[in-house]
Amino acid sequence: MRNMRIKDLLNTAPSEKIVVAEGWVRTRRDGKNVTFLELNDGSSLKGLQVVIDKEKLNDINLDGISTGSSVHAEGVIVESHGEQKVELSLTSIALIGECPDDYPLQKKRHTVEFLREKAHLRARTNLFGAVARVRNTMSYAIHSFFQENGFVYVNTPIITASDCEGAGEQFQVTTLDLENVPKGEDGKVDYTKDFFGKMANLTVSGQLEGETYALALKDIYTFGPTFRAENSNTTRHLAEFWMVEPEMAFTDLYGDMEVAEKFLKYVFSRVLEKNPEDMAFFDNFVLKGVIETLEHVINSPFEHMTYTDAISILEKVNDKFEYQVHWGSDIQSEHERYLTEVVAKRPVIVTDYPKEIKAFYMKMNDDGKTVRGMDVLAPRLGEIIGGSEREWRLDVLKERMQELGLKEEDYWWYLELRKFGSVPHSGFGLGFERAVQYVTGVQNIRDVIPYPRYVKSAEF
RNA sequence: UCUCCUGUAGCUCAGUCGGUAGAGCAGGUGGCUGUUAACCACCCUGUCGGGGGUUCGAAUCCCUCCGGGGGAGCCA
């Protein structure tokens with residue numbers, strides 16, 4: 001039988017019954033007659049206070065019970081004299097694992113940079129424990145949102161042999177001997193000798209494969225790891241991250257935006273509902289007002305504007321910006337912030353971008369200049385979701401690919417989708433870690449994933 | 001990749017005009033009638049990121065390499 005979690009012990013009414021509490025000691029405070037331990041097992045932010053009456057338990061052995069050690073404590077749940085509701089009045093205690101004094105986590109504040117170097121231990125801190133619990137809630141909420149709405153979870157491949165959409169640099173997957181790469185007569189690498197008989201990479205997006213399943217099962221979503229080999233060194237990029245990509249058949253851009261908005265609100269609501277204690281911690285120690293921001297996002301309809309409207313708003317205040325905008329230019333971080341924080345004061349969905357700055361698969365508008373793409377911009381963070389109605393007309397798609405110099409044979413199966421029973425369909429992608437950052441207020445994306453992978457960093 | 005900032009005790013940091021390193025926490029010892037990252041007293045802790053240079057003298061100034069961080073680009 002397993003013992004109770006500390007989270008459940010904290011919700012236990014005082015009684016005579018002997019219970020067991022197991023966990024790691026966060027702090028020990030010694031008085032003349034009384035010793036206090038705070039015991040945490042990660043099941044909740046708050047730990048259980050263990051009270052050791054040394055007068056009553058006169059031959060109790062507390063050797064080795066220090067910050068970081070693990071213990072097995074027995075006692076009864078009693079009403080606390082202190083600020084917590086209940087505490088454990090100890091009857092016996094046993095040290096499970098000692099913790100020498102070179103334990104890096106002390107009972108004081110550490111910087112996240114320091115803890116990043118101790119990634120194998122940082123989950124034992126308040127901050128990283130709370131992030132892990134919230135991340136879990138969000139993960140579960142993503143599945144339950146789509147499941148409750150009849151979407152089918154599809155596992156798209158992690159290794160791909162087509163450089164689809166060119167959404168960034170890819171990691172190559174190979175079993176070739178790099179010390180002795182087989183070359184053809186033209187001096188180029190002979191990939192027919194490689195494992196797959198051709199060049200293979202880690203996926204940068206499951207979208208194109210996702211579309212094939214949407215055009216069979218109507219509403220699908222993917223949720224899995226994604227890889228980008230970009231040399232980007234920011235608080236918002238990882239080389240390995242998780243992405244959520246729903247794809248819906250018989251759905252236009254309006255339907256797409258509707259789902260994106262409901263989806264975000266659902267996930268945020270779940271966190272506020274299930275992790276109030278963790279969220280209060282973030283609000284207090286990480287980002288003041290983060291709960292209010294989330295409540296505001298949940299309760300206000302997202303602002304909609306076309307790219308063209310967004311540009312004309314921004315052009316009026318061009319002198320505020322480092323980069324001036326004009327029709328055709330990208331919307332930069334500073335502009336995203338202006339639109340969400342100054343103009344709308346809530347999330348903004350920008351639609352109908354110039355075709356030049358968006359991917360080949362987005363549906364062409366009748367004006368021949370803009371495409372049916374949409375970005376959901378969140379205050380403070382910028383782009384959190386990117387999506388579009390897909391070009392489902394075979395001739396228009398082929399034309400676009402030609403314009404961009406994409407080879408039809410590389411996308412033969414993607415084109416056949418448009419040849420055989422094509423339908424309008426739409427989808428979007430959400431960077432999971434960015435969503436976790438948004439909800440927790442944690443500044444650096446490297447702190448919302450257990451073991452971050454980025455340029456020159458793959459420790460653990 | 002560009003750009004700015006930064007590296008001092010186990011951790012968080014101070015160190016002025018260049019004069020030979022310091023506080024809190026942690027650790028140790030003792031004290032304390034129930035504490036809340038307890039408190040009080042005492043003790044312990046250094047390749048000042050590495051290398052080179054300027055100087056009578058460098059944590060401090062210069063060069064260089066390495067590590068960390070912010071911002072930008074790219075994006076999710």
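All values below come from the heavy atoms of this structure, side chains included, with hydrogens, waters and symmetry mates left out. To find a chain, count down the sequence lines: A is the first, B the second, and so on, and within it residues start at 1.
Using Watson-Crick or G-U wobble geometry with both donor-acceptor distances under 3.5 Å, rG46(B) finds no partner in any strand shown. Partner assigned to rC75(B) is none, using Watson-Crick or G-U wobble distances below 3.5 angstrom. When Watson-Crick and G-U wobble pairs are counted only if both distances are under 3.5 Å, rU3(B) pairs with rG70(B). Pair check for rG22(B) finds rC13(B); Watson-Crick or G-U wobble, both atom distances under 3.5 Å. Base-pair partner of rC39(B): rG31(B) (Watson-Crick or G-U wobble, both distances under 3.5 Å).
The backbone N or O of R133(A) sits less than 3.5 Å from a side-chain atom of T137(A), completing a donor-acceptor pair.
Atom C1' of rG19(B) sits at a distance of 39 Å from the matching atom of rG71(B), rounded to the whole Å. The separation of rG27(B) from rA38(B), taken at their P atoms, amounts to 10 Å, rounded to a whole angstrom. Taking atom C1' on both nucleotides, rG67(B) is separated from rG28(B) by 32 Å, rounded to a whole Å. To the nearest whole angstrom, the two C1' atoms, one in rA9(B) and one in rG22(B), are 10 Å apart. Nucleotides rC11(B) and rG69(B), compared at atom P, are 16 Å apart to the nearest Å. Nucleotides rA26(B) and rC40(B) are separated by 11 Å at their P atoms, to the nearest Å. Nucleotides rC66(B) and rC56(B), compared at atom P, are 32 Å apart to the nearest Å. Atom name C1', nucleotides rA59(B) and rC32(B): the rounded distance is 40 Å, in whole Å.
The side chain of L238(A) sits closest to rA76(B) out of rG73(B), rG68(B), rA76(B). Of the candidates rC11(B), rA72(B), rG69(B), rC11(B) carries the atom nearest the F114(A) side chain, counting heavy atoms from C-beta on. Here rG69(B) is the nucleotide among rA76(B), rG69(B), rA38(B) with the atom lying nearest to any side-chain atom of E113(A).
Less than 4.0 Å separates RNA chain B from at least one heavy atom of each of the following residues of residues 371-387 of chain A: E383(A), I384(A). Shown for residues 320-332 of chain A: residues whose heavy atoms fall under 4.0 angstrom of RNA chain B, namely Y323(A), D330(A), Q332(A).
For the residue pair Q147(A) / Y221(A), a side-chain donor-acceptor distance below 3.5 Å is found, with atom types taken as modelled. E22(A) and S70(A) are not linked by any side-chain donor-acceptor pair at a separation below 3.5 angstrom, with hydrogens and angles left out of the test. In this structure, a donor-acceptor pair under 3.5 Å is absent between the side chains of R124(A) and N40(A). A donor-acceptor contact under 3.5 angstrom links the side chains of S144(A) and Y266(A), judged on distance only.
Within the 4.0 angstrom heavy-atom criterion, base atoms lie near S232(A). Within 4.0 Å of T235(A), counting heavy atoms only, lie sugar-phosphate atoms of the nucleic acid but no base atom. Within the nucleic acid shown, R26(A) has no heavy atom closer than 4.0 Å to any nucleic acid atom. Base contact: T234(A) has a heavy atom under 4.0 Å from a base atom.
The phosphate of rA26(B) has neither OP1 nor OP2 within less than 4.0 Å of any side-chain N or O from R28(A). Contact check, N233(A) against rG69(B): no side-chain N or O comes under 4.0 Å of OP1 or OP2. Contact annotation: R236(A) side-chain N/O to rC74(B) OP1/OP2 distance is not under 4.0 Å.
Rounding to whole angstrom units, CZ of residue R446(A) and C1' of rG70(B) are separated by 11 Å. At whole-Å resolution of the value, NE2 in H335(A) and P in rC74(B) are 11 Å apart. Look at CG on L115(A): it is 17 Å from P on rG10(B), rounded to the nearest Å. In this structure, CZ of F227(A) is placed 16 Å from P of rA76(B), rounded to the nearest angstrom. The separation between I357(A) atom CD1 and rG73(B) atom P is 13 Å, rounded to whole Å. For the pair I445(A) CD1 and rG71(B) P, the interatomic distance rounds to 12 Å; values are reported in whole Å. Atom-to-atom, CZ of R228(A) to P of rG73(B) comes out at 17 Å; the value is rounded to the nearest Å. Put simply, CD on E230(A) is 17 Å from P on rA72(B), counting in whole angstrom units.
Evaluation of the side chain to side chain donor-acceptor pair (under 3.5 Å) test over residues 330-352 of chain A, restricted to residues two or more places apart or in two chains, returns E303(A)-R346(A), D352(A)-N365(A), D352(A)-R372(A). Residue pairs meeting the ring-ring contact (aromatic ring centres under 6.0 Å, His included) criterion with at least one member in residues 31-68 of chain A, sequence neighbours excluded, do not occur.
Judged by the 6.0 Å distance and 45° axis criteria, R380(A) is positioned over the aromatic ring of Y438(A).
In terms of position on RNA chain B, the residue among S333(A) and Y454(A) whose nearest nucleotide sits closer to the 5' end is Y454(A). Along RNA chain B, the nucleotide nearest K456(A) and the nucleotide nearest G431(A) are compared for position; the residue whose nucleotide lies closer to the 5' end is K456(A).
F285(A) pairs by the side-chain contact (heavy atoms from CB on, under 4.5 Å) definition with F281(A), not counting sequence neighbours.
Interface remark: the H110(A) side chain does not form any donor-acceptor pair with the rC11(B) base, using a distance-only criterion of under 3.5 Å.
Look at K363(A) and E389(A) and you find a salt bridge, because one of the NZ, NE, NH1 or NH2 atoms lies within 4.0 Å of a carboxylate O, short of that distance. Ion pair R400(A)/E391(A) not flagged as a salt bridge, since none of the NZ, NE, NH1 or NH2 atoms sits closer than 4.0 Å to an Asp/Glu carboxylate oxygen. In summary, E38(A) and R28(A) do not engage in a salt bridge, as defined by a charged side-chain N under 4.0 Å from a carboxylate O.
In textbook terms, a nucleotide whose glycosidic angle is within 90° of 0 is syn, while rC56(B), being further out, is anti.
Within a 6.0 Å sphere centred on OH of Y153(A), heavy atoms belonging to other residues, nucleotides or ligands number more than 12. With a 6.0 Å radius and a threshold of 12 heavy atoms from other residues, nucleotides or ligands, K358(A) has its NZ atom above the threshold.
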### Query
For nucleotides 29-36 of chain B, read 5' to 3', which letter fits each nucleotide if B means a protein heavy atom sits under 4.0 Å from the base, S means only the sugar-phosphate is that close, and - means neither?
---BSBBB
### Task
Given ring-ring contact (aromatic ring centres under 6.0 Å, His included), test F223(A) with F146(A) step by step and report yes or no.
CA-CA 11 Å; F223(A) 183 12; F146(A) 288 119; 9.0 Å; no
